[in-house]
Amino acid sequence: MSAREFNFDGLVGPSHNYAGLSFGNVASFNNVKSASNPKLAALQGLAKMRALAARGFGQALLPPQDRPNFRLLRSIGFTGTDAEVLAKAAKESPVILACAYSASPMWTANAATVSPSADSTDGRLHFTAANLNNKLHRAFEHVQSARALRAIFKDEKHFAVHDALPGTPAFGDEGAANHTRLCKDHGSAGVEMFVYGRTEFDASASAPKKFPARQTLEASQAVARLHGLSAERTVYIQQNPDVIDQGVFHNDVIGVGNANALFYHEQAFADEAGALDQLRRAMAGVGADLNAIRVDTAKVPVADAVASYLFNSQLLSKSDGKMALVIPQECQEVASVAAYLEGLVASGSAIDELIHFDLRQSMRNGGGPACLRLRVALTDAEAAAMHQGVVMNETLYHTLVAWVEKHYRDRLEPADLADPQLAIEVHNALEELSRILGLPGLYD
Ligand code: SUG
């Protein structure tokens, strides 16, 4: 069966701000409390979606989530009218108000883990919403993520959307950011590679010392079970704890895979040789040869990979059989990375094109091109069965640009989150968006 990969980018929400909420994510901490530009952030994301759709890549979007999260604020004792809840939270705990306002669902690589129908025993495409339980501002996203996914992938004959794993440290799950599918082509059975940062029930296993490991082995195994993946085609690999301590808070900050290619940093895994060996053996079972494109520390130190987000790129198959690497502009600005990339495309490797985007608004919170998208490989029948209103095309692009221009602020500072008018603006924007996308009731 043939299949086409669609990238579902997160549409940046109107409350995009810098609150320094993600301990272990260097950019989030460095930009805490600076002013954001939600309008520009949304337009930058839309420009990426438009350009990739125009190139013929499958492109769709996931909508932003309702903000502020009044359910969270009320559940922790802020009472009264909406305006009173906001005023009390702003006074007593501005950081929790920022959590309730975070536009973090824009990073849809963390929305869910996705297994295409070619990999699952029941022949359906499976999603498991990620519990994101390591961070307060992200720990409630899964409710709305599952709801949006069910609205878009409604037909249970083709699709299964699983609720998030139990929200406890043993099952810390960050979705597709720690999951890569390697295959011969998108439509045939592939190898699903889960990368985890720590093991809950093995006290002897290594773990980072400074920053949290957000994904556990137990969570990865649970997702594979829910999706009905075969043991021979599922590989679990431990992330190098030392790089987590250097700011690699998700595996997609140090490696990206597509088809049979794995583009990764020498220090990505706890045991590089063992990881490659496991992958090669599993891939032989699906008739694919691993194309390991390794970046040496001598060429690109980990700090430069983190600063540039070289590996938080999208690796896309082109119709001529080659691949394009979608990178953030920062890659051109870090000397070692720019030099490496120039050599890479000239070397005759599978990657022969670089496509760069200005995603600075998202990057300042640690979200590059790969964070902003959730990959879903769809057969023709599945693509026809999903909700069509979220598929990017020129008409939708222009409609959404006008919608952003109408509703979004171009400057948001931490103190602005206390403004009750902001909540009303966000609500009105999302009401109109649900009509544009043809998803009524999404925010009820
Ligand atoms: O979870 N940043 C996000 C960035 C997510 C990137 N995703 C992937 N690597 N797939 C995070 O750390 C910052 C929010 C703030 O500080 O305001 C934030 O949530």
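Note that the coordinates shown come from a computational prediction; the quantities given were computed from them, not determined experimentally. Computed over heavy atoms, backbone and side chain alike; hydrogens, waters and symmetry mates excluded. Counting convention: from 1, in listed order, for ligands and their atoms alike. Position 1 is the first residue of the sequence, and the numbers go up from there.
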Inset, instruction - Look at atom 10 (N) of ligand 1 and say which protein heavy atom is nearest, naming residue and atom and giving the distance to 0.1 Å. - result: Asp252 OD2, 2.7 Å
Inset, instruction - Give the atoms of ligand 1, by number and element, whose distance to some non-hydrogen atom of Gly366 is under 4.0 Å. - result: 4 (C), 6 (C)
Legend entry - Under 4.0 Å to a heavy atom of Gly20 - the qualifying atoms of ligand 1, by number: 15 (C), 16 (O), 17 (O)
Legend entry - Pair Glu5 + Arg181: basic N to acidic O under 4.0 Å: no
Legend entry - Which segment of Arg364 sits under 4.0 Å of ligand 1 when only heavy atoms are counted: neither
Inset, instruction - For the pair His265 and Phe311, name the ring-plane relationship: parallel under 30°, tilted 30 to 60°, perpendicular over 60°. - result: perpendicular
Legend entry - Element-labelled atoms of ligand 1 that are located less than 4.0 Å from some non-hydrogen atom of Ala177: 10 (N)
Inset, instruction - Quick one: sort the Tyr309 and Phe249 rings into parallel, tilted or perpendicular, breaks at 30° and 60°. - result: tilted
Inset, instruction - Nearest heavy atom to atom 12 (O) of ligand 1 wins, so pick from Ser28, Ser22, Ala176. - result: Ser22
Legend entry - Pair Lys39 + Glu405: basic N to acidic O under 4.0 Å: yes
Inset, instruction - Specify side chain, backbone, both or neither for Asn17, according to which of its non-hydrogen atoms lie closer than 4.0 Å to ligand 1. - result: backbone
Inset, instruction - Would you please classify the geometry between the Tyr18 ring and the His16 ring as parallel, tilted or perpendicular, with 30° and 60° separating the classes? - result: perpendicular
Inset, instruction - Would you please determine whether His137 falls within less than 4.0 Å of ligand 1 on a heavy-atom basis? - result: yes
Inset, instruction - Ignoring angles and geometry beyond distance, decide whether Gly367 reaches within less than 3.5 Å of ligand 1 through its nitrogen or oxygen atoms. - result: no
Inset, instruction - Check whether the side chains of Ser206 and Gln238 place a donor and an acceptor atom closer than 3.5 Å, and report yes or no. - result: yes
Inset, instruction - Could you list which atoms of ligand 1 come closer than 4.0 Å to a heavy atom of His250? - result: 7 (N), 8 (C), 9 (N), 10 (N)
Inset, instruction - May I ask you to check whether Asn110 has an N/O atom sitting below 3.5 Å from an N/O atom of ligand 1? - result: yes
Legend entry - Salt bridge Asp66-Arg147, side-chain N to carboxylate O under 4.0 Å: no
Legend entry - Check: Asn365 side chain, Gly367 main-chain N or O, donor-acceptor pair, under 3.5 Å: no
Inset, instruction - Check whether any side-chain N or O of Gln44 sits under 3.5 Å from a backbone N or O of Gln361 as a donor-acceptor pair, and report yes or no. - result: yes
Inset, instruction - Classify the angle between the aromatic ring planes of Phe159 and Phe153 as parallel (below 30°), tilted (30 to 60°) or perpendicular (above 60°). - result: perpendicular
Inset, instruction - Could you tell me the residue and atom name of the protein heavy atom closest to atom 13 (C) of ligand 1, and the distance to it rounded to 0.1 Å? - result: Asn365 OD1, 3.4 Å
Legend entry - Min side-chain heavy-atom separation Ser22-Arg214 under 4.5 Å: yes
Inset, instruction - Using non-hydrogen atoms of the residue, decide whether Arg214 is closer than 4.0 angstrom to ligand 1. - result: yes
Inset, instruction - Could you say whether the N/O atoms of Val253 and ligand 1 ever approach to under 3.5 Å? - result: no
Legend entry - Nearest-neighbour protein heavy atom for atom 17 (O) of ligand 1, which is reported as residue plus atom name and distance: Ala19 N, 2.9 Å
Legend entry - Residue Ala109 vicinity, atoms of ligand 1 by number, heavy atom under 4.0 Å: 10 (N)
Inset, instruction - First locate atom CD of Glu200, then atom OG1 of Thr168, and finally report the distance between them rounded to the nearest 0.5 Å. - result: 7.0 Å
Legend entry - Test of proximity, Asn25 against ligand 1: N or O pairs below 3.5 Å: yes
Inset, instruction - Select one of side chain, backbone, both or neither to describe which atoms of Arg138 lie under 4.0 Å from any atom of ligand 1, heavy atoms only. - result: side chain
Inset, instruction - Answer side chain, backbone, both or neither: which part of Cys371 comes under 4.0 Å from ligand 1, heavy atoms only. - result: both
